[in-house]
Amino acid sequence: MEIKEFMGGRIRLFMGDITLMEVDAVVNAANSSLLGGGGVDGAIHRAAGPQLLESCRKIGGCATGDAVITPGFNLKAKYIIHTVGPIWRGGQHGEPNLLASCYRKSLELAACHQIKSIAFPNISTGAYGYPHQEAAEIAINTVNEFLINHSIPDYVWFVCFGNSNYNIYEEKLRAKF
Ligand code: ADP
């Protein structure tokens, strides 16, 4: 699968399974218990192995819009950044700010750990029901703003699991850059 580059290569778009990414950190769309779940969370826990659950249990939980970091264990990635996206409840319950916060806090943690490359899934757009267009807009704008103001991370990957989100990201990134 081809990689599309934007913002002088600092933003990269890819369709595939995030657990296979060879980056410094992959972001997990976790739930607030951090104890695993379905979707990308389940896939990351399966691929990273049981030590991840142990590590998450010690952290004890994560608020919506916040992010925590663990080792990557059996993943190729050195770290996993777990962030908790908002559940879509119609858009009037702070969802946009909380979703933007997920991307910002994840990038702040990445910068603190000298992480050069980080891969995001499309947070909240699965079981949490966030409308895909709106979620992509927030993801792209928040990442772009962070990268303009920070030299680390060098590369941010948007990893889309299917055509629907991939096409939305491609269109929005092309329009912006
Ligand atoms: P949320 O609860 O935040 O909505 P989900 O895991 O249900 O989390 O979905 C978030 C996004 O992750 C969805 O767009 C889904 O298609 C995608 N996804 C699911 N599995 C994977 C995977 N292995 N790699 C990358 N993205 C994935």
Side-chain angles (χ1 to χ4, degrees), residues 1-4 11-49 52-53 56 59 61-70 72-91 93-107 109-110 117-143 155-173:
M1 187 71 195
E2 153 194 28
I3 298 161
K4 295 222 164 73
I11 293 181
R12 293 165 176 217
L13 178 62
F14 183 70
M15 183 156 69
D17 181 351
I18 202 167
T19 65
L20 303 175
M21 295 294 294
E22 296 189 28
V23 287
D24 294 338
V26 300
V27 176
N28 181 18
N31 59 52
S32 55
S33 76
L34 297 180
L35 298 181
V40 71
D41 196 7
I44 286 175
H45 274 268
R46 275 192 300 278
L52 176 58
L53 186 57
C56 286
I59 294 169
C62 180
T64 303
D66 209 348
V68 297
I69 192 164
T70 67
F73 298 107
N74 297 339
L75 292 189
K76 292 208 170 87
K78 186 172 179 201
Y79 296 104
I80 301 167
I81 291 173
H82 308 259
T83 188
V84 182
I87 297 172
W88 179 257
R89 292 196 288 148
H93 296 84
E95 294 95 327
N97 285 337
L98 289 166
L99 186 60
S101 174
C102 287
Y103 285 92
R104 208 178 304 112
K105 292 275 177 69
S106 297
L107 290 165
L109 266 182
S117 56
I118 179 171
F120 283 97
N122 308 137
I123 300 164
S124 283
T125 67
Y128 282 4
Y130 211 108
H132 291 191
Q133 294 274 355
E134 285 88 333
E137 192 77 27
I138 290 168
I140 291 167
N141 288 340
T142 309
V143 166
Y155 305 110
V156 175
W157 295 77
F158 289 119
V159 180
C160 301
F161 204 48
N163 270 316
S164 152
N165 265 319
Y166 183 86
N167 292 337
I168 290 169
Y169 271 79
E170 190 180 15
E171 191 183 304
K172 288 193 185 295
L173 286 164

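Quick note: residue numbers are just sequence positions, from 1. Both backbone and side-chain heavy atoms feed into the values below; hydrogens, waters and symmetry mates do not. Order of appearance sets the numbers: ligands from 1, and atoms from 1 within every ligand.
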Counting from 1 in the order shown, the ligand 1 atoms closer than 4.0 Å to a non-hydrogen atom of Asn122 are 10 (C), 11 (C), 14 (O)
Might you point out which heavy atoms bring Asp41 and Ala29 nearest each other, and give the distance in Å?
CB-O, 3.7 Å
Which heavy atom of the protein is the closest neighbour of atom 3 (O) of ligand 1, given with residue, atom name and distance?
Ser124 N, 2.9 Å
Looking only at N/O atoms, are Thr125 and ligand 1 under 3.5 Å apart anywhere?
yes
Among non-hydrogen protein atoms, atom 7 (O) of ligand 1 lies closest to Ala127 N, 2.8 Å
Keeping the roles fixed (side chain from Asn31, backbone from Gly36), state whether a donor-acceptor pair exists under 3.5 Å.
yes
In this structure, atom 8 (O) of ligand 1 is nearest to the protein heavy atom Ala29 CB, 3.9 Å
Please identify which atoms of ligand 1 are closer than 4.0 Å to at least one heavy atom of Ala43.
23 (N)
Tell me, please: is Thr19 in heavy-atom contact with ligand 1, that is, under 4.0 Å?
no
Selection from Leu99, Val26, Val40 by shortest heavy-atom distance to atom 12 (O) of ligand 1:
Val40
Taking 4.0 angstrom as the limit and counting only heavy atoms of Asn165, give me the atoms of ligand 1 inside it, by number and element.
14 (O)
Donor-acceptor check, side chain of Thr83 to backbone of Asp66, threshold 3.5 angstrom: yes or no?
yes
For atom 16 (O) of ligand 1, the protein heavy atom that lies nearest, with its residue and separation:
Phe161 CB, 3.6 Å
Please give me the minimum heavy-atom distance between Ala136 and Tyr169, naming the atom from each residue.
CB-CE1, 3.6 Å
Main chain of Ile168, side chain of Gln133: is a donor-acceptor contact present, judged purely on distance under 3.5 Å?
no
Check if Ala30 has a non-hydrogen atom at a distance under 4.0 Å from any atom of ligand 1.
no
Short N/O distance, under 3.5 Å, between Gly126 and ligand 1?
yes
Is there a nitrogen or oxygen of Ile18 sitting under 3.5 Å from a nitrogen or oxygen of ligand 1?
yes
Separation between CG of Leu52 and CG of Leu75, rounded to the nearest 0.5 Å
7.5 Å
Any heavy-atom pair between the side chains of Pro121 and Val159 that's under 4.5 Å?
no
Apply the side chain to side chain contact (heavy atoms under 4.5 Å, CB included) test between Ile81 and each candidate in Val26, Val68, Leu107, Ile69; give the one that qualifies.
Ile69
Glu137/Lys172 ion pair, N-O < 4.0 Å:
yes
I'd like to check Lys4 versus Tyr166 (side-chain heavy atoms, cut-off strictly below 4.5 Å). Are they in contact?
yes
Distance filter under 4.0 Å to Gly16 heavy atoms, resulting ligand 1 atoms:
24 (N), 25 (C)
Would you mind checking which non-hydrogen protein atom is closest to atom 23 (N) of ligand 1, with the distance to 0.1 Å?
Asp17 OD1, 2.9 Å
